[in-house]
2 protein chains.
Amino acid sequence: VTDSWASSLDLHLELPAGGGRRAALERALRAAIRDGRLPPGERIPSTRALAHDLGLARNTVAEAYAQLTAEGYLRTSQGAPTRVAAGGDAPPAGRGRRATPGGAGAPAAPRGTPVRFDLRVGVPDAGGFPRAAWLRALRRGLAGVPDAALAHADPRGRPELRAALAAYLGRARGVLAEPDRIVVTSGFTQGFGLLCRALGPGTVAMEDPCLHHLRAIAPAAGLTVAPLPVDEQGARPDPPDAAAAALVTPAHQFPLGATLAPRRRAALVDWARRTGGIVIEDDYDGEFRYDRQPVGALQGLDPEHVVYAGTASKTLAPGLRLGWLVLPERLVAPVLEARPLVGGDTPVLDQLALAGLIAGGAFDRHVRRMRQRYRRRRDALLDTLAGRRVRGVAAGLHLVLDLPPGEEAPLITRGAEEGLALDGLAAYWHDPKDRPEGLVLGYAAPPEHAYAQTLAVLRTSLPR
Amino acid sequence: VTDSWASSLDLHLELPAGGGRRAALERALRAAIRDGRLPPGERIPSTRALAHDLGLARNTVAEAYAQLTAEGYLRTSQGAPTRVAAGGDAPPAGRGRRATPGGAGAPAAPRGTPVRFDLRVGVPDAGGFPRAAWLRALRRGLAGVPDAALAHADPRGRPELRAALAAYLGRARGVLAEPDRIVVTSGFTQGFGLLCRALGPGTVAMEDPCLHHLRAIAPAAGLTVAPLPVDEQGARPDPPDAAAAALVTPAHQFPLGATLAPRRRAALVDWARRTGGIVIEDDYDGEFRYDRQPVGALQGLDPEHVVYAGTASKTLAPGLRLGWLVLPERLVAPVLEARPLVGGDTPVLDQLALAGLIAGGAFDRHVRRMRQRYRRRRDALLDTLAGRRVRGVAAGLHLVLDLPPGEEAPLITRGAEEGLALDGLAAYWHDPKDRPEGLVLGYAAPPEHAYAQTLAVLRTSLPR
């Protein structure tokens, strides 16, 4: 089933060829309602539309809807669209939460119309995930790993992965990484939480705008957040002198897309040396640069004052939950001491698979292939946006479309009515009042086959 | 290489048949010293012993030691054992940390002599891990999963796994579990941290004794810990009325081993109903019961007042980092809201593999096979301890050997001198002063082939 409504819901429609199709559809819809993928009040496609999308007889869909209405899952009233009944046992959270640049929690699209087209940020094209290579690497890793490695999780992560990452990060991102200084995490959200605990009480400067859900991590660990303004040269390199740390996205500012200017890179490192603060470099999409070689990591300038943070979420898939920190020596012990309080050790087998993928070269080949794909997508998006003001196009998996005041929210609503999910800038500002408006257009989320149609829907949604 | 010193260190000795053996050994030892598996001051086996263990010429080992001494990795002095040099770049934490009943962090064995025999608690026999079945389940899961599932982590966990767990837990543990109420975690440490945040500030009653590292989780989330005394009937069912929660281990009290008496089960549930508190049932090894059918979960008595927590760490391997919570309805939303602050979402593919393993029956077969293995081991341990006072023998992967005052610490030291790692009760008491002494003997850790020898070393270490 490749229908975008059904597949965006992750409906497991295993429709047998024979007469069990209605039952299979009912089962899939019940499951989606029960576990909240279809929340109460959600509008369901018409029987005609769903029948067309799934290649079923319209009567089959109508009978399934009638059955589910009788069972209390759906609510149908004359002349109104069919909706999920309210007061079911759908859980109160979960839907709409998505993996994002740092790891988790971008804003959901407005409800009402199912998401059929998705230009939100935070996910790669999972259709490119190298399933066969991953399985091969996992099989080899599992064959070679001693029993003891399955029984004893290493809080720093498997030595094989740390060795592979040290070599890869040095080669591909200019990171000065010793395996001893690497801690494998379940992604940047966890890594930032560990760093906050390791840095202790104090202030952390965070870019304004930045990934919103990260702003909640620091206070939960006892830190105060200070905004660090961003302009076309990236973050301003003047965090408060008293700040314990400054979190920045030098390769491709999230969300605005600037590359941190060379002078500012040096100035940030100077700030850290002068004050004893730590620069945290969130390199969430640094592998993807389209106009030239990727900009090397800031960490290479001073590994004792910069924490480098990377992730497999953009290069492979967020569902792997694999990230890493490269730490200054003085932070290794505090981060490892914080780990038992968080409890999110990383599974051993996934680490072995990634280590094998990197060491065997398949990871580099995959990144090169995806870079070409994303470049084509970016170029097509730029064609669609021709004549409009865009930013942050040189790198990453998203760009920003600037909008005049008052246009952001209506445009998101208009997109939602067409089934097109869009992210606005508003959520990312520390305080969105009087801030520039715009769309943060992620071009990696749609499946490859749906990309052209997604851009066509965007084109019709945009103001003239 | 099956030598216990080398393999317990996880030395990756890929010794080619030809002349590269010395270089390979040097490389492996350097790596082990660099990343802290061999900490500064650690004693290295004699050249004779290691040569014998690895099937190398003694001269090859001696040359490798000489080279590493010249490079500053080792310290050799006439007539004294060779040791790892001090002041290396070994990281300050990590070694000795082990997965434990709740997830992580049991006390390390005393240093000085390499651990050759291991009767510490907290790990299963990873040699029984069903590698082939796991790979098969993973391959099938990966073949069937839609791309979108790789891109969007569900904070509750994959629907396939929650459905499989709901059925399994109902069947095997008497848990009343709806998939909606299940949250997949990376183990009980993370689960308990999520619960502490969800329960908000207040007091949590924790068994005395209990798994020590869990006592640090609650304060980190803003809760106060109150001790809940334990006797031969399990935990006393009278937590403070004002407590937000009581954490208990009803099937097999950790570490003392009692099964919670039926009257106390009812009394605990009554406490929760009367006060509005929550009972947290840590069912860390409930699958393993040797005298009769496993005792059903306490949660079955009142799913709206009891949280059930389970794990794959004892049934499969801690390295998988897979656990689960079954929640009362009122806790589902608060736990999911706490999740983005912790960031430890569970990788998708491991969840699919476990779901397939359970649904296909391989998990049940594996548990039955391991139950027989552990039962044989327990019986052999009881033979070794004949005539001594033991407790908690009916279930789980450990039992307690009672000791007279003043004997616990010397016995652990004596074992360490023989290369036998032992856990004492002391670390588990909230305050060990004037508390009963004993050994907590885990019989799952040794590889199958080393078990008999491990018991022989224990026998010689025990006082007459």
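Only a predicted model underlies this, so the values are computations on that prediction, with no experimental measurement involved. Protein chains get the first letters and strands the later ones, always in sequence-line order, with residue 1 at the start of each.
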Measure distances from B:Thr185 to the heavy atoms of chain A and classify the residue's part below 4.5 Å as side chain, backbone, both or neither.
neither
Given heavy-atom pairs under 4.5 angstrom as the criterion, report whether the side chain, backbone, both or neither of B:Arg181 touches chain A.
neither
Quick one: CG on A:Leu341 to CD1 on B:Ile217, what's the gap to the nearest 0.5 Å?
5.5 Å
Spatial distance of atom CG (B:Asp345) from atom CG (A:Leu320) [nearest 0.5 Å]:
12.5 Å
Heavy-atom cut-off 4.5 Å, strictly under: side chain, backbone, both or neither for B:Ala143 against chain A?
backbone
Shortest non-hydrogen contact between A:Pro347 and B:Pro347, atoms and distance
CG-CG, 3.7 Å
So, taking the atom named CD in B:Gln351 and the one named CZ in A:Arg321, what distance separates them when rounded to the nearest 0.5 Å?
11.0 Å
So, taking the atom named CH2 in A:Trp134 and the one named CG in B:Leu150, what distance separates them when rounded to the nearest 0.5 Å?
10.5 Å
Residue selection (most heavy-atom pairs with chain B, distance under 4.5 Å) from A:Gly193, A:Ala317, A:Ala220:
A:Ala220
Nearest heavy-atom contact between A:Pro318 and B:Ala151 is CG-O, 3.3 Å
Greatest number of non-hydrogen atom pairs under 4.5 angstrom with chain A, of B:Leu316, B:Leu349, B:Asp350, B:Asp125, falls to B:Asp350
Suppose the criterion is salt bridge (Lys or Arg N to Asp or Glu O under 4.0 Å): which pairs have a residue in residues 130-139 of chain B, not counting sequence neighbours?
A:Asp147-B:Arg131
Which of the residues A:Val342, A:Leu322, A:Val348, A:Leu142 is involved in the greatest number of heavy-atom pairs with chain B at under 4.5 angstrom?
A:Leu142
